[in-house]
A.B. asks: 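Here it is: the structure, laid out below.
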Amino acid sequence: MTLKQIQEILDAEIICGEDSLDMEITAAGGSDLMSDVLAFGQPGILLMTGLTNTQSVRTADIVDAKAILYVRGKKPDKGGLELAREKGIPILSTKHMMFMACGLLFRAGLPGVGGLQDE
Amino acid sequence: MFCDDGLSQHFQIQGGDFSRAGRVSTTIKEILQEVGIDPAIIRRAAIASYEAEMNVVMYAQKADLTLKLTPEEITIRIEDQGPGIKNIDQAMQEGFSTATDQMREMGFGAGMGLPNINRNADVFWIGSIRGKGTVLIITFLLKKGGKA
Ligand SMILES: Nc1ncnc2c1ncn2[C@@H]1O[C@H](COP(=O)(O)OP(=O)(O)OP(=O)(O)O)[C@@H](O)[C@H]1O
Ligand SMILES: [Mg+2]
């Protein structure tokens, strides 16, 4: 699905990357823990997070995430926004909480990153 | 920047500086992209470098990072001045962490970093002297034999 569709489903505000809304997103992952994103994130995902510091954008760039969605109405800090602009990473912000945002996107057909964590 | 058998570049990482944390790894990623390395290898190198850089920011005073690039491999060497690691076997286990609440609020400190470096690297060496510092040598093979 496109970023534009995601924006509509979640009634999200576009924080940056207005001209990238036709970007195709094929999977998403949600976490406030960057340690987990670094270990389990996959290239090309939409990163959904409630963590707003510069490291949230830095981590997205490092793992080759395509775009970021902040939940609970959050927005990136100044450093994060600058980095996202510099790296061309579009950012959306939705008022929905994490579980709802994930549920709405999943119901609309957007899968998560595959696989179960093995013991 | 370029020497006879490839490229070698030095960076400094400042401990405790959360606002700038990760900049060096972003720069390394940009360099590897410019040189035209396979994106899957760049991603592994960037993740490993970032995990190591965050550890310096969280636990050490400062570090020197050297990026070496030859036709055969990428080597990232990080030598820090800091407390060192008491028990490396323990530190290498998933979930072991001495991170503070503040570090956890920043989204780190799950004890995943060193195991994640090990998972992404083709060759990983770590050594530490208590009270002096820690050295990491992380290698990525560019020809046959590297991870997919
Ligand atoms: N450069 C270092 N100097 C001193 N101690 C370190 C260093 N790197 C790691 N450690 C120690 O090893 C532990 C495990 O490191 P590791 O990177 O695996 O996890 P973490 O940094 O605690 O959490 P995460 O990496 O998931 O954010 C740390 O909590 C710390 O005690
Ligand atoms: Mg770590």
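Residue numbers start from 1 in every chain, and the chains themselves are labelled A, B, ... in the order their sequence lines are given, proteins ahead of strands.
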A.B. asks: In terms of heavy-atom proximity below 4.5 Å to chain A, should R119(B) be classed as side chain, backbone, both, or neither?
C.D. replies: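 Only the side chain of R119(B) comes within 4.5 Å of chain A.
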
A.B. asks: Taking the side chain as everything from C-beta on, heavy atoms only, tell me whether F40(A) gets closer than 4.5 Å to M112(B).
C.D. replies: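 Yes. Closest side-chain heavy atoms under 4.5 Å.
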
A.B. asks: Might you work through the salt bridge (Lys or Arg N to Asp or Glu O under 4.0 Å) test for E53(B) and R58(A), ending with a clear yes or no?
C.D. replies: CA-CA 12 Å; E53(B) 186 176 359; R58(A) 183 83 63 190; over 6 Å; no

A.B. asks: So which part of Y50(B) gets closer than 4.5 Å to some heavy atom of chain A, the side chain, the backbone, both or neither?
C.D. replies: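 Side chain only.
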
A.B. asks: Using non-hydrogen atoms and a 4.5 Å limit, figure out which bit of E30(B) sits close to chain A: side chain, backbone, both or neither.
C.D. replies: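 Contact with chain A involves the side chain of E30(B) alone.
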
A.B. asks: To the nearest 0.5 Å, what is the distance between OG (S35(A)) and CE (M54(B))?
C.D. replies: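 Answer rounded to 0.5 Å: 8.5 Å.
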
A.B. asks: If I measure from the heavy atoms of chain B, does L51(A) come under 4.5 Å with its side chain, its backbone, both, or neither?
C.D. replies: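 Side chain of L51(A) only, per the 4.5 Å heavy-atom cut-off to chain B.
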
A.B. asks: Taking T54(A), T59(A), D36(A), T52(A) one by one, which has the highest count of heavy-atom pairs under 4.5 Å against chain B?
C.D. replies: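 Most pairs with chain B among the choices: T59(A).
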
A.B. asks: What distance separates D61(A) CG from T26(B) OG1, expressed to the nearest 0.5 Å?
C.D. replies: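 So the gap between those two atoms works out to 5.5 Å.
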
A.B. asks: Check whether any side-chain N or O of Q55(A) sits under 3.5 Å from a backbone N or O of F18(B) as a donor-acceptor pair, and report yes or no.
C.D. replies: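 It does hold such a pair.
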
A.B. asks: Count the heavy atoms of every other residue, nucleotide or ligand shown that sit under 6.0 Å from NZ of K87(A), and state whether that count exceeds 12.
C.D. replies: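 Atom NZ in K87(A) is packed in, count exceeds 12.
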
A.B. asks: Do L38(A) and I13(B) belong together in a cluster built from hydrophobic side chains that touch within less than 4.5 Å?
C.D. replies: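 Yes: a chain of side-chain contacts under 4.5 Å links L38(A) to I13(B).
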
A.B. asks: Would a single hydrophobic cluster contain both M48(A) and M97(A), if residues Ile, Leu, Val, Met, Phe, Trp and Tyr are joined by side-chain heavy-atom contacts under 4.5 Å?
C.D. replies: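 Different hydrophobic clusters.
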
A.B. asks: Grouping I, L, V, M, F, W and Y whenever their side-chain heavy atoms are under 4.5 Å apart, do I9(A) and M100(A) come out in a common cluster?
C.D. replies: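 Looking at the clustering, M100(A) is in the same group as I9(A).
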
A.B. asks: Tell me which donor-acceptor pairs under 3.5 Å the side chains of residues 10-24 of chain A have, and how far apart each pair is, sequence neighbours excluded?
C.D. replies:
residue : atom : partner : partner atom : Å
E13(A)  : OE1  : K75(A)  : NZ           : 3.2
E13(A)  : OE2  : K75(A)  : NZ           : 3.4
E24(A)  : OE2  : M1(A)   : N            : 2.9

A.B. asks: How far does OG of S19(B) sit from CG of N53(A), to the nearest 0.5 angstrom?
C.D. replies: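 So the OG of S19(B) and the CG of N53(A) are separated by 11.0 Å.
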
A.B. asks: Is there a continuous path of hydrophobic side-chain contacts, each under 4.5 Å between heavy atoms, that joins L32(B) to F11(B)?
C.D. replies: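 Both belong to a single hydrophobic cluster.
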
A.B. asks: Please determine, among K29(B), R43(B), M106(B), the option with the most heavy-atom pairs under 4.5 Å with chain A.
C.D. replies: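 It is R43(B).
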
A.B. asks: Taking atom CG of D64(A) and atom CD1 of I47(B), what is their separation to the nearest 0.5 Å?
C.D. replies: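 So the CG of D64(A) and the CD1 of I47(B) are separated by 7.5 Å.
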
A.B. asks: What parts of residues 66-74 of chain A touch chain B if we use heavy atoms and a cut-off under 4.5 Å?
C.D. replies: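 Counting heavy atoms that sit under 4.5 Å from chain B, no residue of residues 66-74 of chain A is involved.
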
A.B. asks: Applying a strict under-4.5 Å side-chain criterion to I, L, V, M, F, W and Y, I'd like to know whether L104(A) and M98(A) cluster together.
C.D. replies: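 In one cluster: yes.
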
